[in-house]
Amino acid sequence: MSKLPHVGTTIFTVMSQLAAEHNAINLSQGFPNFPVDPNLLELYRSKLGENVHQYAPMSGLPSLLTQISELIEASYQRRLSPSEEILVCAGATQGIFTTIMALIDKRDEVVILDPSYDCYEPSIVLAGGIPVRVQLNADFLPDWNAIERAISEQTRMIIINNPHNPSGTIWAKSDMDALERLVLKFPNLLVLSDEVYEFITFEEKHISVHSYPSLHERSITVSSFGKTFHITGWKMGYLTAPNSLMIEIKKVHQFNVFSVNSVAQAVLADYLPTIDVHVLGKFYQDKRDLFASLMSTSRFKLLPCDGTYFQTAKYSAISTESDVEFCTRLTTEFGVAAIPISVFNGDGSDQHVIRFCFAKDADTIQQAAKKLCAI
Ligand code: PMP
Ligand code: GLN
């Protein structure tokens with residue numbers, strides 16, 4: 001008996017393993033390959049000698065909770081109570097799982113927008129809820145008519161992801177306004193807003209749920225230090241929720257992990273006031289532009305990328321294979337690993353689009369683009 005009969009190994013593990021076996025450049029799983037800020041490492045080394053090695057308080061070190069509330073206030077002009085409305089998590093993944101476990105009851109419906117990040121659906125299923133998958137439109141933006149058709153009195157939550165993995169799109173103000181109207185129309189509906197790429201945006205900033213006061217009482221936001229500080233392996237993130245929901249989320253959190261890595265929390269509490277997260281957009285925009293300019297002579301057609309560190313591309317000028325077959329061959333024959341988008345669609349529909357991660361040093365981007373341009 002399996003609680004998740006349709007779930008296998010994640011595409012990120014599968015493609016990273018294939019890349020390693022074939023010695024391919026790994027632009028599949030999303031993680032940076034350049035060094036972490038030396039100041040962060042130095043802080044870590046010096047923290048190790050301090051008294052930071054026993055359990056942190058259940059919801060997070062007070063100093064880190066305060067720094068997170070200041071970051072949110074500086075970024076979105078929203079003031080949150082560090083003790084009541086913020087929770088430090090072992091990465092966004094745990095924040096999402098814990099939120100769904102706490103707030104989704106048996107047979108509650110949860111709307112997710114395809115292509116959707118892979119941890120949403122299994123978390124809903126494990127909570128006994130019913131995932132309702134609605135396809136984004138051809139530009140990977142919300143189709144509000146389809147979303148509204150999918151929502152009923154049984155719908156407890158909609159999960160949104162903005163900036164969007166895998167497509168790199170950002171919602172327009174009209175999309176956020178449509179979300180607001182939806183929440184006002186359905187009083188039972190909660191919003192789980194996955195904003196892990198909130199600081200990786202380019203020409204335009206994304207509009208956070210934090211900037212919509214009418215959504216605050218019914219929204220949970222999730223953030224990841226892994227993305228913001230190039231430390232995906234630390235598995236550190238946080239969520240915010242109004243106190244009434246946070247009480248329930250913390251009930252699950254205390255038995256799910258109890259509390260999160262104490263050393264990492266102490267280090268991040270000291271690091272946060274020293275950095276400006278708003279330089280991250282320019283940093284990744286340069287990488288996006290380098291990859292795009294090198295790829296301009298290739299037969300791939302790059303799609304718009306407004307945020308995240310992912311570049312999507314169509315390959316119809318090269319092959320009619322499925323995206324999974326094409327990504328496999330790209331890795332094994334051409335030496336570059338990418339992610340097929342169809343695995344994020346509930347019905348497996350294949351738009352013949354693949355995703356490259358450009359969170360890589362210039363040398364890696366150049367070598368990968370050279371191989372891709374030769375195809
Ligand atoms: N949501 C999205 C959209 C992601 O891309 C990721 C990871 N890359 C996560 C959640 C999970 O973040 P974390 O690594 O902090 O668990
Ligand atoms: N979020 C990363 C990506 O989209 C992968 C994280 C993971 O491997 N679980 O590539």
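Order of listing sets the numbers, starting from 1, for every ligand and every atom in it. The structure displayed is predicted, hence computed values, not measured ones.
- Contacts between Lys227 and ligand 2 below 4.0 angstrom, taking non-hydrogen atoms only, involve the side chain exclusively.
- The option from Gln29, Arg355, Met15 that lies nearest to atom 8 (O) of ligand 2, judged by heavy atoms, is Gln29.
- For the pair Val196 and ligand 1, a heavy-atom separation below 4.0 Å is found.
- Side-chain atoms of Leu272 and Phe225, non-hydrogen and from C-beta on, do get closer than 4.5 Å to each other.
- Where the criterion is an N or O separation shorter than 3.5 Å, residue side chain and backbone included, Phe12 fails it with respect to ligand 2.
- Between Tyr120 and ligand 1, a contact under 3.5 Å exists for no N or O pair.
- Of all non-hydrogen atoms in Ala172 and Ile207, the two that sit nearest each other are C-CD1, 4.4 Å.
- When only non-hydrogen protein atoms are considered, atom 7 (C) of ligand 1 lies nearest to Lys227 NZ, 2.8 Å.
- Taking all atoms of both residues into account, the shortest heavy-atom contact from Leu280 to Phe199 is CB-O, 3.6 Å.
- Contacts between Phe31 and ligand 2 below 4.0 angstrom, taking non-hydrogen atoms only, are absent altogether.
- At least one donor-acceptor pair closer than 3.5 Å links the side chain of Arg355 to the backbone N or O of Ser28.
- With a 4.0 Å cut-off on non-hydrogen atoms, Thr10 does not touch ligand 2 at all.
- In summary, Glu153 and Arg107 do not engage in a salt bridge, as defined by a charged side-chain N under 4.0 Å from a carboxylate O.
- Nearest-heavy-atom check against atom 2 (C) of ligand 1 across Thr308, Asp194, Ile159 picks out Asp194.
- Looking at Asn165 next to ligand 1, an N or O pair under 3.5 Å apart turns up.
- For atom 15 (O) of ligand 1, the choice among Ala90, Cys89, Ser224 with the nearest heavy atom turns out to be Ser224.
- The shortest N/O to N/O separation between Thr93 and ligand 1 falls below 3.5 Å.
- For atom 1 (N) of ligand 2, the closest heavy atom belonging to the protein is Tyr117 OH, 3.1 Å.
- Atom 9 (C) of ligand 1 has Tyr117 CE2, 3.5 Å as its closest protein atom, hydrogens excluded (heavy atom only).
- Remark: the backbone N or O of Asn162 is not paired with any side-chain donor or acceptor of Glu198 at under 3.5 angstrom.
- Ion pairing of Glu321 with Arg329 is present here, as a side-chain N (NZ or NE/NH1/NH2) and a carboxylate O approach within less than 4.0 Å.
- Set against the non-hydrogen atoms of Asn161, the atoms of ligand 1 under 4.0 Å away are 3 (C).
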* To do: Show your working on side chain to side chain donor-acceptor pair (under 3.5 Å) between Asn345 and Arg133 and close with a plain yes or no.
  => CA-CA 8 Å; Asn345 290 329; Arg133 305 183 72 138; over 6 Å; no
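- An N or O contact shorter than 3.5 Å is missing between Ile96 and ligand 1 by distance.
- Listed for the Tyr44 side chain is no donor-acceptor partner under 3.5 Å among the backbone atoms of Asn39.
- Atom CZ of Arg45 is surrounded by more than 12 heavy atoms from other residues, nucleotides or ligands within 6.0 Å.
- Ala56 and Val260 get closest at one heavy-atom pair: CB-O, 4.0 Å.
- Ligand 1 is approached by Tyr197 to a heavy-atom distance shorter than 4.0 Å.
- Residue-to-ligand polar distances place Lys235 within reach of ligand 1: an N/O pair is separated by less than 3.5 Å.
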